[in-house]
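Just so it is clear, the structure is predicted and the values come from calculations on it, not from any experiment. By convention in this document, chain letters (A, B, ...) are assigned in the order of the sequence lines, proteins followed by strands, and residues within each chain are numbered from 1.
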Amino acid sequence: DAMVIQNPRYQVTQFGKPVTLSCSQTLNHNVMYWYQQKSSQAPKLLFHYYDKDFNNEADTPDNFQSRRPNTSFCFLDIRSPGLGDAAMYLCATSPLSGDAGDEQYFGPGTRLTVT
Amino acid sequence: GEDVEQSLFLSVREGDSSVINCTYTDSSSTYLYWYKQEPGAGLQLLTYIFSNMDMKQDQRLTVLLNKKDKHLSLRIADTQTGDSAIYFCAERSNDYKLSFGAGTTVTVRA
């Protein structure tokens, strides 16, 4: 089935140790998004790619970087994780075809724990 | 900027109707969405409504939009235990980004 896949589902990293989360999609969508979701809060958009064009949100910390080597894959790199970066990280894709209800398709998320 | 607000909790008896309310501030919103999130899972789109509509029905789900008051609601008829989840309201502005509310946790009791 076409879908958005996130690996790993659970990631534990140490304070200050770089970590990479990955997302892949078989939907061939041209837009990919990364959200951070903390407990009992709304998902917060970190950045998105429209094809290869990277769009950073103004309040996304420099500690967060992203790479999209091809249409299918997108990575979230946290250079020096702090305790405040512990959260669920959600990847989403969208076709942006201009049709009604261009929905975002979400992956299951990666739960990041920082020790 | 966009601001989406929802009540945080709703408890409903199995078989009753649930109504989840949402308010938003961006008058340029083109589409409004309801997403469902089960424990440990990503967000699943339930339904959406275009901003020039005032109602949409999809099986047990009814969405009402009052654009003048910027108020959106989701009614779930005959609520089942499988409907227990967090429900997020979201608005889409013209730049194709979504702004989410904090989510309403719906608990269905027997």
Check your understanding: Is it true that B/Leu45 and B/Leu61 fall in one hydrophobic cluster, defined by side-chain heavy atoms closer than 4.5 Å?
Key -> yes
Practice item. List the steps and the verdict of side-chain contact (heavy atoms from CB on, under 4.5 Å) for B/Tyr33 and A/Gln104. Key: CA-CA 10 Å; B/Tyr33 301 82; A/Gln104 293 186 16; over 6 Å; no
**Study point:** Pairwise distance CG(B/Leu98) to OH(A/Tyr35) - rounded to 0.5 angstrom
**Key:** 4.5 Å
Check your understanding: What part of B/Phe50 lies closer than 4.5 angstrom to a heavy atom of chain A: side chain, backbone, both or neither?
Key -> neither
Point to revise | Verify same cluster id: B/Leu46, B/Val4 (apolar side-chain graph, 4.5 Å) | key: yes
Check your understanding: So does B/Arg109 have more than 12 non-hydrogen atoms from other groups sitting under 6.0 Å from CZ?
Key -> yes
**Study point:** B/Asn52 CG: over 12 foreign heavy atoms closer than 6.0 Å
**Key:** yes
Check your understanding: Side-chain contact, heavy-atom cut-off 4.5 Å: A/Pro43 with B/Tyr35?
Key -> no
Practice item. Examine whether an atom of B/Gln44 lies under 4.5 Å from a heavy atom of chain A, and if so say whether it belongs to the side chain, the backbone or both; otherwise answer neither. Key: neither
Revision key, fill the gap. Separation between CD (A/Gln37) and CD1 (B/Ile86), nearest 0.5 Å, reads 7.0 Å
Check your understanding: Transitively linked via ILVMFWY side-chain contacts under 4.5 Å: A/Tyr89 with A/Met3?
Key -> no
Review point. Would one find more than 12 heavy atoms of other residues, nucleotides or ligands at under 6.0 Å from atom CZ of A/Phe54?
Key: yes
Check your understanding: According to a 4.5 Å side-chain heavy-atom criterion applied to Ile, Leu, Val, Met, Phe, Trp and Tyr, with indirect links allowed, do A/Leu112 and A/Met88 form part of one hydrophobic cluster?
Key -> no
Exercise for review: Under the side-chain contact (heavy atoms from CB on, under 4.5 Å) rule, what do B/Lys97 and A/Glu57 come out as? Steps first, then yes or no, please.
Suggested key: CA-CA 11 Å; B/Lys97 292 190 288 189; A/Glu57 292 302 297; 3.0 Å; yes
Revision key, fill the gap. Shortest non-hydrogen pair, B/Gly101 vs A/Ala42, comes out as O-CB, 2.9 Å
Review point. Given a strict heavy-atom distance threshold of 4.5 Å, which part of A/Tyr105 is in contact with chain B: side chain, backbone, both, or neither?
Key: neither
